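Read the structure below first, then the notes.
Treat the numbers as computed from the prediction; the structure is a model and nothing was measured. A, B, ... follow the sequence lines: proteins, then strands. Residue 1 opens every chain.
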Amino acid sequence: MVEPERIQPLNRKPRRPGRYVLYWMQQSQRAEWNPALEYAVGQANALGQPVVVVFGLTGRFPEANLRHYRFMLEGLRETLQALAGRGIRMVVLKESPVTAALRLAAEASLLVADRGYLRIQRLWRQRVARRARISVVQVEGDVVVPADVASSKEEYGARTLRPRIQRHLERFLTDLVPEPVRKDSLGLSLEEGIRLDDLDSVLAGLQIDRSVPAVGSFRGGTCKARELLDRFIQERLSTYRQESADPGLNNVSHLSPYLHFGQISPVYAALEVRRARGVRRENVEAFLEQLIVRRELAVNFVLYNPSYDRYEGLPEWARRTLERHKADRRAYLYTEQEFERAETHDPYWNAAQREMVTTGKMHNHMRMYWAKKILEWTETPADAFRIALALNNKYEIDGRDPNGFAGVAWCFGKHDRPWAERPVFGQVRYMNAAGLERKFDMEAYLKRVPPRL
DNA sequence: ATCGGCTCGCGCAA
DNA sequence: TGCGCGAAGCCGAT
């Protein structure tokens, strides 16, 4: 049963007598723990119709490259098979999500969409809702507490969002029981769509940026995500609070790429972690703080701040103080290319950059240090913001995620408070290598990251 | 090793 | 209007 607050009509058009209920999959790329899918199945059962799933595979998602597409397609291939196992046909069309959804909506009774919070995802849904001739309903499945239920405005920090999430948490942290599929859609006559058996040839047929190679360190897909989560709970959760910040230990879940593509449900992950046996409460709480409060603070940021991907999206006090120190002498200055090639004087910074470029994922604590240093070693804070975000989006598997936008902005003062004034940073929180060495085993970090690009 | 100060703005209590 | 407090800070004093 999907919570009613996850369900929102996106237009006022009627249902029509079509051949099937259409689930337009976009953000939640999974066949289980997917409220939009289960809602679609429930509606289809009530109408005595089958469910068809459509996915529009566009080569034009902003800033997406081979690395992102490979990971996403590994997940989609598995999802397609899992859906077939439930008697649900998934059609993958090589065109924009909007036109793909509209094409199959022509013969549908009702269109169900999942939810994504980025600007482009909201725009896509708006267009589909406006141009479809049928009722379009959006079902939230990307966060635990739907962002507009938690708050109706941009929150100032984790401190102000946390109680708002807590208020609703229990209501939304519930099992999602799969609906039985009463009428299967595997035999329907439909557009073929493209096959996903051979991902190399699918990728070869897409007009995408191929300059960033796929990574072997993380394979996409729900199974892989579940495996990582299980292992995390078994082996790492019981020391999470103490160790998760240490880049040398890497004691983290590694779920963020999977969450980014909707290959695993945050509700499922939260429930699994809560149900873990023999783990101290503080560790469970520390993980849920990341998975829910911090992640959903990032979603709040991209939903309510129209400048979430620009320097202008920073709070007034941060821009003011950075502006005041714009002319300060920088001890080092690097170009975007020097950053990209990990050619700074700082071995920790270079290691972080190499970790990101080679594995597609940088340790959480290093992401902060990394962006703070780009601010310190670039001529203007606005350039630094742009460079940090561009590199993040290019090389992280979960680039262009709300977490990335909020994470970079945090390094420039967003969701943070002012600190003692100093050169370049002004009152924005400063970090340095001595801090890393004081607290963590940085030799271990250097050892676990490839020594060169 | 530990501690206070740094400094802004939100939200709540009064 | 006052007050407490905040993602992971740093720095100098003790």
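The side-chain tip of A/Lys372 points at the ring of A/Trp410 from less than 6.0 angstrom away and within 45° of straight on. For the pair A/Arg417 and A/Trp317, the cation does not sit on the ring face, since its NZ or CZ is not both under 6.0 Å from the ring centre and inside 45° of the axis. Judged by a 6.0 Å distance limit and a 45° cone about the ring axis, A/Arg30 is not positioned over the six-membered ring of A/Trp33.
One interatomic measurement links the two molecules: NE2 of A/His415 to P of B/dG9, which rounds to 15 Å at whole-angstrom precision. Atoms NZ (A/Lys372) and C1' (C/dC10) sit 12 Å apart, rounded to a whole Å. One interatomic measurement links the two molecules: CZ of A/Phe440 to C1' of C/dA7, which rounds to 12 Å at whole-angstrom precision. One interatomic measurement links the two molecules: OH of A/Tyr369 to C1' of C/dA7, which rounds to 18 Å at whole-angstrom precision. Atom CG in A/Leu314 sits roughly 15 Å away from atom C1' in B/dC8 (whole-Å rounding). Atom-to-atom, CG of A/Asp416 to P of C/dC10 comes out at 12 Å; the value is rounded to the nearest Å. The interatomic distance linking A/Lys373 (NZ) with C/dA8 (P) rounds to 17 Å, in whole Å.
Among the heavy atoms of the strands lying under 4.0 Å from A/Arg162 are primed sugar atoms or P, OP1, OP2 only; no base atom is included. Within 4.0 Å of A/Gly157, counting heavy atoms only, lies no atom of the nucleic acid at all. When heavy atoms are screened at a 4.0 angstrom cut-off, A/Arg367 is found touching no nucleic acid atom at all. Using a 4.0 Å heavy-atom distance criterion, A/Asn432 is classed as a sugar-phosphate-only contact. If you check every strand for non-hydrogen atoms under 4.0 Å, A/Trp419 touches a base. Residue A/Lys153 is in sugar-phosphate contact alone, with no base atom involved, counting any heavy-atom pair closer than 4.0 Å across all strands shown.
Here the closest heavy-atom approach between residue A/Gly75 and residue A/Gln263 is recorded as CA-NE2, 3.5 Å. Of all non-hydrogen atoms in A/His254 and A/Leu228, the two that sit nearest each other are O-CD1, 4.0 Å.
For A/Arg70 and A/Asp200, the salt-bridge test passes: some basic side-chain N is under 4.0 Å from an acidic carboxylate O. Taking a cutoff of 4.0 Å between a charged side-chain nitrogen and a carboxylate oxygen, A/Asp328 and A/Arg422 do not qualify as a salt bridge. A salt bridge between A/Glu312 and A/Arg319 is absent, with no side-chain N of the basic residue lying under 4.0 Å from a carboxylate O of the acidic one.
For A/Tyr430, the listed nucleotide lying nearest its side chain is C/dC10; candidates were C/dA8, C/dC10, C/dA7. Ranking B/dG11, B/dC8, C/dA8 by closeness to the A/Met368 side chain, first place goes to C/dA8. In this structure, of B/dT7, B/dG11, C/dC11, it is B/dT7 that holds the atom nearest to the side chain of A/Pro418. Checking C/dC10, C/dA8, B/dG9 against every side-chain atom of A/Arg438, the shortest atom distance belongs to C/dC10. The side chain of A/Ala158 approaches C/dA7 more closely than any other nucleotide in the set C/dA7, C/dA8, B/dC10. Of the candidates B/dG11, B/dT7, C/dC11, B/dT7 carries the atom nearest the A/Arg417 side chain, counting heavy atoms from C-beta on.
For C/dC11, one of the phosphate oxygens OP1 or OP2 lies less than 4.0 angstrom from a side-chain nitrogen or oxygen of A/Arg422. Of the side-chain N and O atoms in A/Gln427, one or more sit less than 4.0 angstrom from OP1 or OP2 of B/dC8. The side chain of A/Arg429 contributes no N or O atom lying less than 4.0 Å from OP1 or OP2 of C/dG6.
Rounded to the nearest Å, the gap between the P atom of B/dG9 and that of C/dC10 is 23 Å. A distance of about 24 Å separates the C1' atoms of C/dA8 and B/dG11, rounded to the whole Å. On the C1' atoms, B/dC12 is 22 Å away from C/dA7, given to the nearest whole Å. C/dG4 and B/dG4 have their P atoms separated by 15 Å, with the value rounded to a whole Å.
For the ring pair (Phe, Tyr, Trp, His ring centres under 6.0 Å) with A/Phe405, the qualifying choice from A/Tyr117, A/Phe385, A/Tyr308 is A/Tyr308, the only one to do so.
In this pair, A/Phe261 and A/Phe71 present their aromatic rings tilted. The plane angle is within the 30 to 60° band. Aromatic ring orientation, A/Trp349 versus A/Phe339: tilted (interplanar angle from 30° to 60°). Between A/Phe301 and A/His415, the angle of the ring planes goes over 60°, which puts this pair in the perpendicular group of the 30/60° scheme.
No hydrogens or angles considered: nothing links the side chains of A/Tyr258 and A/Asp398 as a donor-acceptor pair under 3.5 Å.
Stem list for DNA chain B (at least 3 consecutive Watson-Crick or G-U pairs, distances under 3.5 Å): B:1-6 with C:9-14, B:8-13 with C:1-6.
Judged by distance alone, with hydrogens and angles left aside, the side-chain atoms of A/Arg119 form a donor-acceptor pair with the main-chain N or O of A/Pro306 at under 3.5 Å.
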Check nucleotides 12-14 of chain B against the protein and report each pair of N or O atoms closer than 3.5 Å, with its distance, or say if there are none.
none

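For residues 289-300 of chain A, proximity to DNA chain C is found at A/Gln290, A/Arg294, defined as any non-hydrogen atom under 4.0 angstrom from a strand atom.
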